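See structure below.
Just so it is clear, the model here is predicted, and its values are computed rather than measured.
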Amino acid sequence: MQQRILLVDDKSANLVALESLLCDLSVDLLTATSGEEALKTLLQFDVSLVLLDVQMPDMDGFEVAELIRARRKTRHIPIIFVTAINEDQSYIFKGYESGGIDFLQKPIEPIVLISKVKLFMEIDRQKKMLEHSLREVDQLKTSNELLLKSVGEGILGVDALGLVTFANPAAEMVLGYEPGGMEGTSLGNKILVSTTGFEHFEWSKSKIYKYCSKGRKYQTEVGAFKTSLDNIIPVEYTATPVSSKENEFSGVVLIFKDITERRKIEAQLNYMAQYDSLTGLGNRNLFNVTIQHAVSRSDYTEKTFALLFIDLDRFKQVNDSLGHEAGDQLLKEATERMKNCVRDADVVCRLGGDEFTIVIQGFNILEVAERISDKIIDSLSGSFEILGHQVYIGASIGIVYYPEMAKDAIDLIKKADTAMYRAKREGRNCYQVFHIGMEKELEEAVDTESKLRESVKKMDFFLHYQPQIRMTDNATTGVEVLLRWAPDGEMIPPDKFIPIAEETDMIEQIGEWVIEEACKSIKSWEERFNLPDDFTISVNVSVKQFKDDGIINFLNKTVTEIGIASSRLELEITESLLMDHTERNIKRLCDIHDLGIGIALDDFGTGYSSMSYLTKIPLNVLKIDRSFIENMDSIEGNAIVQAIVALAKGLSLKVVAEGVETEKQMLSLTDMLCDYFQGYYFSKPLPKEEFESLLESKLGRKGLRSTPMGGKI
Ligand code: C2E
Ligand code: CA
Ligand code: CA
């Protein structure tokens, strides 16, 4: 602490003498030789004591003292007059009146001087310390007040009776009180919300009281407070007990935070975690919760509930060809349609992609589940208008019932999936109720797939050949090649393995092999037999083989390399080829047709219902599906075949009747002027050697004379 003494005397010698007496004290000594200079110095420095000579020329000591006292800044500085001995009492009084505190008489007695100065210095030091402490207290007070006012948390002081004694502005704002308006409010009655209702809540029964009155802190993240308008807000708070000197419970300091916003965010996060943002349906998480609840409820009530597992048919194609935006749009619309098929209580979820689930509870569940499935299939079969395109999808649905068919939630989902898969295999756009056999089928399918993979590596397949017969002269004018597979020596029918080969894209490789084999066969027959120029070989091709332009190049290359006329080859396509990427596929068909290769529409009448495409695709042949031939016995069945034949003739297409099994069928078809026949009545599909001997007998070996017309084989 810096202390200064100002020595004032008009005689420098006196000043020097004083300085030498006081130099041992650790204080700064300032000097002035006139009253005026003294006053200036005092304004400039913070001085603890003035030793003031009384007798000075211009302005005497008393006058200087009065001026010192007159100024606020210097008023409290103690002044000791230094004067020659003067017995006059009035003189002394004048000194005191002008503000002096003490007198020192010249000649100065050093001990008296030093002890007096020391005393004043000590008083000054203590005063300074006191001032400093006061300033500190003052600062602390202001900063504490500032703190209480500016913290975001609400702070309430509450006394032992539960009455508010203090509330900071944040507390008042959150709880909706005027400044100062909370004092005296009862925490229990007005602010705390009890779990048993909040009309009247006793302070002494509150958890805060119970904890704090025993000197313990109480803290909760799930509290609720009532505002002045009786709104309930979620809060988290800490109540800290306050105790008096005697360690008696004297109240509580409650620090709380309004967590409404946080709750909103939590709710939002929770929603996001459970709902699909695209469709607004529950997502996999909500589905899991729902299914668990349904299982528990069913275990308790012993009531059956149903799980529907829905997979959209052909969604992927739409998504791939029209883009994700269209895909999203389609999912949204499909969702709306599905929602219209169910009741409010049925929970529809989207598991991801184009997979949906519905949990159906209630009465008559077996009937309701099937009815809802029918409705969904029906409503999703209608056309969708997506970004200016008309698209068609469908739905395959698996149904499973709990507890009849599954033992728990996981089992349920697995079985619903199996049933859905079965619906897909059944030709899609249908529902299937789970049964035990399906799991075996699924296992078999998995088994078939892995065997198929092995066979594809070595191309371990072979072909059967079924002749096509011309109606007018019974001549063998063509042949359809049919794929055969016997992985363990036992033949597996194409209907079993071709769908799997298509799903796994193995069909592309197999399909190319079939085309090559067919072309090689006909090449060798040309060399060996008297093959008529219009003799054709028909190959079945799958939609999957039309994925890209590769097929066009492949056909061109194969025909050229093997060295056959492209008109010898005919591709059998199905109507499914025209359901997606219609334009693109028609273009590819045109390109193939331009190569000179024939196109036959297989299984006609079983698929796509629109006829308009018939004029758009470059067709040569229409093949009437076996199912129509089968039904020719009935008048209607007969009429349908007749109509198809007429249609084909009208479009100048060759018409082939498939699956002709009886003479009666053959004769009816002859009456209708159907051009060509194919079927067991003439021949089953034959192994290569057998078919070749048939050809030999019909056409004769090259170089040898042939029988002009073949009879019935
Ligand atoms: P599809 O193209 O309709 O072939 C005709 C099917 O009818 C053949 O069955 C044939 O054996 C059978 N069939 C012929 N005449 C008669 C008859 O009088 N009565 C009866 N009940 N059936 C007859 P398959 O060989 O089992 O082939 C089934 C299907 O597998 C074929 O139907 C075709 O869609 C497909 N497929 C066969 N080979 C291939 C192939 O190389 N590639 C592709 N993508 N599919 C093929
Ligand atoms: Ca065919
Ligand atoms: Ca067919």
One should read off an interatomic distance between Thr74 OG1 and Ile79 CD1, to the nearest 0.5 angstrom, of 8.0 Å

Heavy atoms only: give me the nearest Val112-Ser115 pair and the separation to one decimal. O-OG, 3.2 Å

Verify the neighbour count for atom NZ of Lys190: are there more than 12 heavy atoms of other residues, nucleotides or ligands below 6.0 Å? no

Start with the C-alpha gap between Leu331 and Phe356, add the side-chain angles, then the distance that decides, and say whether side chain to side chain contact (heavy atoms under 4.5 Å, CB included) holds. CA-CA 10 Å; Leu331 286 172; Phe356 299 83; 4.0 Å; yes

Smallest separation among heavy atoms of Arg263 and Glu221, with atom names: NH2-O, 3.6 Å

Okay, side chain of Asp276, backbone of Leu281: is any donor-acceptor separation there less than 3.5 Å? no

Using the six-membered ring wherever Trp is involved, compare the ring planes of Phe249 and Tyr209 and label them parallel, tilted or perpendicular (cut-offs 30° and 60°). perpendicular

Spatial distance of atom CD1 (Ile114) from atom CG (Leu21) [nearest 0.5 Å]: 6.0 Å

So does Lys414 have more than 12 non-hydrogen atoms from other groups sitting under 6.0 Å from NZ? no

Using the rule given for salt bridge (charged side-chain N to carboxylate O under 4.0 Å, His left out), can you reason through Lys332 versus Asp328, listing the C-alpha separation, both sets of side-chain angles and the distance that settles it, and then say yes or no? CA-CA 6 Å; Lys332 278 198 216 167; Asp328 285 355; over 6 Å; no

Lys226 versus Asn231: any side-chain heavy-atom pair under 4.5 Å? no

Under 3.5 Å: donor-acceptor pair, side chain of Thr165, backbone of Gly157: yes

Nearest heavy-atom neighbours spanning Val400 and Ala416: CG1-CB, 3.5 Å

May I ask you to decide if Ile208's main-chain N or O and Trp203's side chain share a donor-acceptor pair within less than 3.5 Å? no

Less than 6.0 angstrom separating the ring centers of Phe305 and Tyr401, yes or no? no

Side-chain contact test, heavy atoms from C-beta onward, threshold under 4.5 Å: evaluate it for Leu307 versus Ile399 and give yes or no. no

Separation between CD (Gln274) and CG (Asn288), nearest 0.5 Å, reads 10.0 Å

Main chain of Glu302, side chain of Ser298: is a donor-acceptor contact present, judged purely on distance under 3.5 Å? no

Under the side chain to side chain donor-acceptor pair (under 3.5 Å) definition, can you give me all pairs with a residue in residues 29-46, not counting sequence neighbours? Thr33-Glu37

Check against salt bridge (charged side-chain N to carboxylate O under 4.0 Å, His left out), Glu261 and Lys264: CA-CA 5 Å; Glu261 284 308 311; Lys264 278 190 200 154; 3.2 Å; yes

Heavy-atom side-chain proximity of Tyr402 to Thr304 below 4.5 angstrom: no

For Glu122 and Gln126, does a side-chain donor sit closer than 3.5 Å to a side-chain acceptor? yes

Plane angle bin for Phe103 and Phe62 - parallel if under 30°, tilted between 30 and 60°, otherwise perpendicular: perpendicular

Which distance, rounded to the nearest 0.5 Å, do you find between the CD of Glu355 and the CG of Asp311? 5.5 Å

For atom CG of Asp58, decide whether the heavy atoms of other residues, nucleotides or ligands shown that lie under 6.0 angstrom number more than 12. no

Check whether any side-chain N or O of Asp102 sits under 3.5 Å from a backbone N or O of Lys116 as a donor-acceptor pair, and report yes or no. no

Which residues satisfy the side chain to side chain contact (heavy atoms under 4.5 Å, CB included) test with Glu145, sequence neighbours excluded? Lys141

Where is the tightest heavy-atom contact between Ile376 and Cys341, given as atom of each residue plus distance? CG1-CB, 3.7 Å

Is there side-chain contact between Ile108 and Val82, with heavy atoms separated by less than 4.5 Å? yes

Flag, side chain of Ser98 to backbone of Lys94, donor-acceptor distance under 3.5 Å: yes

Closest heavy-atom pair, Met56 versus Met59, reported as atoms and distance to 0.1 Å, is CB-O, 3.5 Å

Is it true that the side chains of Ser206 and Tyr218 contain a donor and an acceptor less than 3.5 Å apart? no

Is there a donor-acceptor contact under 3.5 Å from the side chain of Asp346 to the main chain of Val342? no

Could you give the distance from CG (Leu286) to NE2 (His293), rounded to the nearest 0.5 Å? 9.5 Å

Is Lys106 salt-bridged to Asp9, cutoff N-O under 4.0 Å? yes

Spacing of CZ belonging to Arg350 relative to CE belonging to Met338, to within rounding of 0.5 Å: 9.5 Å

Side-chain contact, heavy-atom cut-off 4.5 Å: Phe166 with Leu156? no

Can you confirm whether Gln2 is buried at CD, in the sense that more than 12 heavy atoms of other residues, nucleotides or ligands lie under 6.0 Å from that atom? yes

In the structure I gave you, are the side-chain heavy atoms of Val117 and Leu22 within less than 4.5 Å of one another anywhere? yes

Could you check whether atom CD of Glu63 has more than 12 heavy atoms from other residues, nucleotides or ligands sitting under 6.0 Å from it? yes

With sequence neighbours left out, what residues match Lys339 under salt bridge (Lys or Arg N to Asp or Glu O under 4.0 Å)? Glu336

Exceeds 12 heavy-atom contacts within 6.0 angstrom, atom CD1 of Ile410: no

From the list Ile232, Val174, Ile233, side chain to side chain contact (heavy atoms under 4.5 Å, CB included) partner of Phe225 resolves to Ile233

Using the rule given for salt bridge (charged side-chain N to carboxylate O under 4.0 Å, His left out), can you reason through Glu66 versus Arg69, listing the C-alpha separation, both sets of side-chain angles and the distance that settles it, and then say yes or no? CA-CA 5 Å; Glu66 268 172 34; Arg69 288 289 167 264; over 6 Å; no

Of the non-hydrogen atoms in Ala38 and Val8, which two are nearest, and what is the gap between them? CB-CG2, 3.7 Å

Any chance CD of Glu385 has more than 12 other-residue heavy atoms, nucleotides or ligands included, within less than 6.0 Å? yes

State, without any angle test, whether Gln3 and Asp28 hold a side-chain donor-acceptor pair at a distance under 3.5 Å. no

Is there side-chain contact between Val318 and Ile393, with at least one heavy-atom pair below 4.5 Å? yes

Ala239 backbone acceptor or donor facing Gln219 side chain under 3.5 Å: no

Donor-acceptor pair, Lys217 side chain versus Cys212 backbone, under 3.5 Å? no

Is the number of heavy atoms from other residues, nucleotides or ligands within 6.0 Å of CD1 (Ile111) greater than 12? no

Evaluate Asp60 against Gln55 for side-chain hydrogen bond (donor to acceptor under 3.5 Å, both in side chains), listing each step before the verdict. CA-CA 5 Å; Asp60 73 6; Gln55 287 91 13; over 6 Å; no

Under a 4.5 Å cut-off applied to non-hydrogen side-chain atoms, are Asp10 and Asp53 in contact? yes

For Phe384, is the NZ or CZ atom of Arg337 found under 6.0 angstrom from the centre of its six-membered ring and inside 45 degrees of the ring axis? yes

Hey, are Asp299 and Ser296 close enough side-chain-wise for a donor-acceptor pair under 3.5 Å? no

